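For clarity, every value in this text was computed on a predicted model and none was experimentally measured. Letters A, B, ... are given to chains in the order of the sequence lines, protein chains preceding strands, and every chain is numbered from 1.
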Amino acid sequence: MTTRDVEPEAPPQGPNGPNGPAVGKPDIAPKNPAVAVGEQVVDYVDERTGVVAGTKWFMFRNVPAETSWFQTLGFAAFAIFSMQAITGIVLAMYYQPDPGTAFQSIEFITNDVTWGSLVRSMHRWGSSAMIVLVFLHMARVFFFGSYKYPRELTWVTGAVLLILTLFMGLTGYLLVWDQKAYWATVVATNITAAAPILGPFIADILRAGPEFGPNTLSRFYAIHMLIIPSGIVTFIGLHLFLIAKLGITEPPYAKRRFKAQREEDEARRRMRSPNTGRRAVPAAGDGSEGGS
Amino acid sequence: MKKSEREAYRRDYAAAKAQGKPFFPYAVYKDLIVASVAIGFVFVLAIWQPIGIGEPINPATTDFVPRPEWYFFFLFELLKIFKGDNALTPVIMATFIVPNILMVLLLVTPFIDRGRERRIWRRPIALTSGLLVIFGLAYLTQAGLEAPVGQAGAAGIELEGLDAQGEAGLEVYIANGCSSCHMIKDVGAPGPGPNLTDEGAKNRGIEWQIEHLKDPTSTSPGSSMPAFANLTDQQYDDLAVFLEGLGTEYR
């Protein structure tokens, strides 16, 4: 099975699996049994899932040669999200979403749990970092014009992620259950309730009732821990799939782009010039340039 | 975009890809460096500026400062712009209309700007609107950062003509942290609540004031003021008399 999969491609560095370092050279010696088992496992899984082809498609797809450092901000936001997920899980192991004990559990995390203060501080600073990175990423996409054809829907999924991230910041705020958190959330839910038509209903859902009460905390806990994160994970999946499918944009200032653009502009000008009466472009010079 | 333009883009991108490099490792290494820097930055901040513990909740009294996290300041500052002082600036603008317009604009950006041009220096409208949004957000956030944090008990309010009930009302006013949203004679926060220096001159009446304190949205639709439902009848009375007297009896 291994040979059938490998032979037709025979790429220069072509390992067909993470466990097969011996594949590169002609197979004359008997294989290390551990490697052989590893390959069999990879082959078994790949035959049933296509995971190897998928990984290759994702990791070894070509991207334009001149990608910019600005194009790393989205991944950085993703990395911070992962950090938020991990620190959030650790916090959830100690946090108690109960109005009577929530504040004490925060005190316990901060003062008594080993590294607790660090984890909590990272989670809190991480929320700010994530907002900053998401906004910077959006600014990059906007100024690069990356949201244009064919990436319109990638932008929409990203915009949904931005909104979800903001709601994450809003709902996480209450969980600390101190004065500032409580009153800021009271104001936020009052603002929601003031919105026309659906506002009062949404506010009731958020507060778990017409008034800010004991169930409000667990409601916000569920929203912060389960509802929004699953939305974020779903949309990150869509976003990443579209990015991998459509490719990373080439920066508009890339050298290759300039060259292509110049040729395009020339061609357009030549098309237009007979009608508009503009100076015609000498055909000879153009021909030599367009040759490459 | 016309079909020919879309095809031209696809051809051009295919050429860029053909001349390109594999994602792994050429793009991945940059991603990993920047992500490590970002996480390292958060780590250093968390050690350098650990998050402390606030005051436990006490919904009855309050020394409350309803300030959101800094990344919501731009929305919070809108409340100060649209205070409902006149028909052109209803509170609903800040709490509902403007945020939702921004959200919809964000979602439909690629369907508004459908031109093929990607070079920002050739997209004057996109450049202008992008910079306007950035400066707008930066300005509002900055305004939120600089806004004085109202402090309950910052009893610098000096009023002439206070009688005994006015005095009692002022005490309730201070004890409930009203000055963290409202201002009386330059004392307190300039928002999100309206300036109350001349509240009495509006002649709303004691009944209205008490009702508004118990349930602000019942008398001022769209208000984001929290309900103060836990005061005693005497306290409501004192506070309402105090508010009705502002700008008339008490100046």
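Here the side chain of A:W155 pairs no donor or acceptor atom with the backbone of B:V108 at under 3.5 angstrom. For B:Y13 (side chain) and A:I248 (main-chain N/O), a donor-acceptor pair under 3.5 Å exists by modelled atom type. Between the side chain of B:R118 and the main chain of A:P251, no donor-acceptor pair closer than 3.5 Å is present.
Enclosure of atom CZ in A:F201 is not indicated, since only 12 or fewer non-hydrogen atoms of other residues, nucleotides or ligands lie within 6.0 angstrom. With a 6.0 Å radius and a threshold of 12 heavy atoms from other residues, nucleotides or ligands, B:Y26 has its OH atom at or below the threshold. Heavy-atom contacts from other residues, nucleotides or ligands closer than 6.0 Å to CD1 of B:I112 number more than 12. Heavy-atom neighbours of B:W121 CH2 from other residues, nucleotides or ligands within 6.0 Å: above the threshold of 12. Summarising the local packing, CD1 of B:I125 is surrounded by 12 or fewer heavy atoms from other residues, nucleotides or ligands at distances under 6.0 Å.
The shortest distance between side-chain heavy atoms of A:F75 and B:L32 falls below 4.5 Å. At a threshold of 4.5 Å between non-hydrogen side-chain atoms, the residues A:V63 and B:F24 do not count as touching. When side chains are defined from C-beta on, B:E69 counts as touching A:R124, because their heavy atoms get closer than 4.5 Å. At least one side-chain heavy atom of A:W125 sits under 4.5 Å from a side-chain heavy atom of B:I51.
Interface residues of residues 33-46 of chain B toward chain A, defined by a heavy-atom distance below 4.5 Å and sorted by number: B:I33, B:V34, B:A35, B:A38, B:I39, B:V42, B:F43, B:L45, B:A46.
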Distance-only donor-acceptor pairs under 3.5 Å for side chains of residues 135-152 of chain A, two or more places apart:
residue	atom	partner	partner atom	Å
A:H137	ND1	A:G74	N	3.4
A:R140	NH1	A:S146	OG	3.0
A:S146	OG	A:T249	OG1	2.9
A:Y147	OH	B:D113	OD2	2.4
A:Y147	OH	B:R123	NH2	2.9
A:K148	NZ	B:D113	OD1	3.2
A:K148	NZ	B:D113	OD2	3.4
A:K148	NZ	B:G115	O	3.0
A:K148	NZ	B:E117	O	2.8
A:Y149	OH	B:R10	NE	3.0
A:R151	NE	A:G247	O	3.0
A:R151	NH1	B:Y9	OH	2.8
A:R151	NH2	A:L246	O	3.2
A:R151	NH2	A:G247	O	3.2
A:R151	NH2	B:Y9	OH	3.4

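Take B:H212 and apply the ring pair (Phe, Tyr, Trp, His ring centres under 6.0 Å) test, not counting sequence neighbours, and it matches B:W208. Judged as a side-chain contact (heavy atoms from CB on, under 4.5 Å), and not counting sequence neighbours, the contacts of A:V186 are A:Y182, A:W183, A:N190, A:F212, B:P226.
Scanning both residues, A:R256 and B:D12, for their nearest heavy atoms gives NH2-OD1, 3.1 Å. Of all the heavy atoms in B:D31 and A:Q71, the pair that sits closest is OD1-O, 4.0 Å. In terms of heavy-atom proximity, A:V156 sits nearest to B:L107 at CG2-O, 3.6 Å.
Across B:Q19, B:K17, B:R6, the residue that shares the most heavy-atom pairs under 4.5 angstrom with chain A is B:R6. With chain A as the partner, the residue from B:T109, B:N100, B:I47 showing the most heavy-atom pairs under 4.5 Å is B:T109. In terms of heavy-atom pairs under 4.5 angstrom with chain A, the leader among B:P25, B:A126, B:A15, B:P216 is B:A126.
For chain B, the nearby part of A:I163 is the side chain; its heavy atoms alone come within less than 4.5 Å. Using a 4.5 Å cut-off between heavy atoms, B:V28 contacts chain A through its side chain alone, with no backbone atom that close. At a 4.5 Å heavy-atom cutoff, the contact between B:F72 and chain A is made by side-chain atoms alone. For chain A, no part of B:L75 is nearby; none of its heavy atoms comes within less than 4.5 Å. Within the 4.5 angstrom heavy-atom criterion, atoms from both the backbone and the side chain of A:T67 approach chain B. Residue B:A8 does not touch chain A at all, counting heavy-atom pairs closer than 4.5 Å. Looking at A:V119, there are no atoms closer than 4.5 Å to chain B (heavy atoms on both sides), in backbone or side chain. Using a 4.5 Å cut-off between heavy atoms, B:R122 contacts chain A through its side chain alone, with no backbone atom that close. Both the backbone and the side chain of A:S127 come within contact range of chain B, judged by heavy atoms closer than 4.5 Å. Proximity to chain B (any heavy atom under 4.5 Å) is restricted, for A:L153, to the side chain, taken from C-beta onward. Heavy atoms of B:E5 lying under 4.5 Å from chain A are absent altogether. With a 4.5 Å cut-off on non-hydrogen atoms, A:M83 touches chain B through its side chain but not through its backbone. Of the atoms belonging to A:S68, it is backbone heavy atoms, and not side-chain ones, that fall under 4.5 Å from chain B. Of the atoms belonging to B:F96, it is side-chain heavy atoms, and not backbone ones, that fall under 4.5 Å from chain A.
Here the CH2-OG distance, from B:W48 to A:S121, works out to 13.0 Å after rounding to the nearest 0.5 Å. For the atom pair CG (A:L170) and OH (B:Y71), the distance works out to 8.5 Å, reported to the nearest 0.5 Å.
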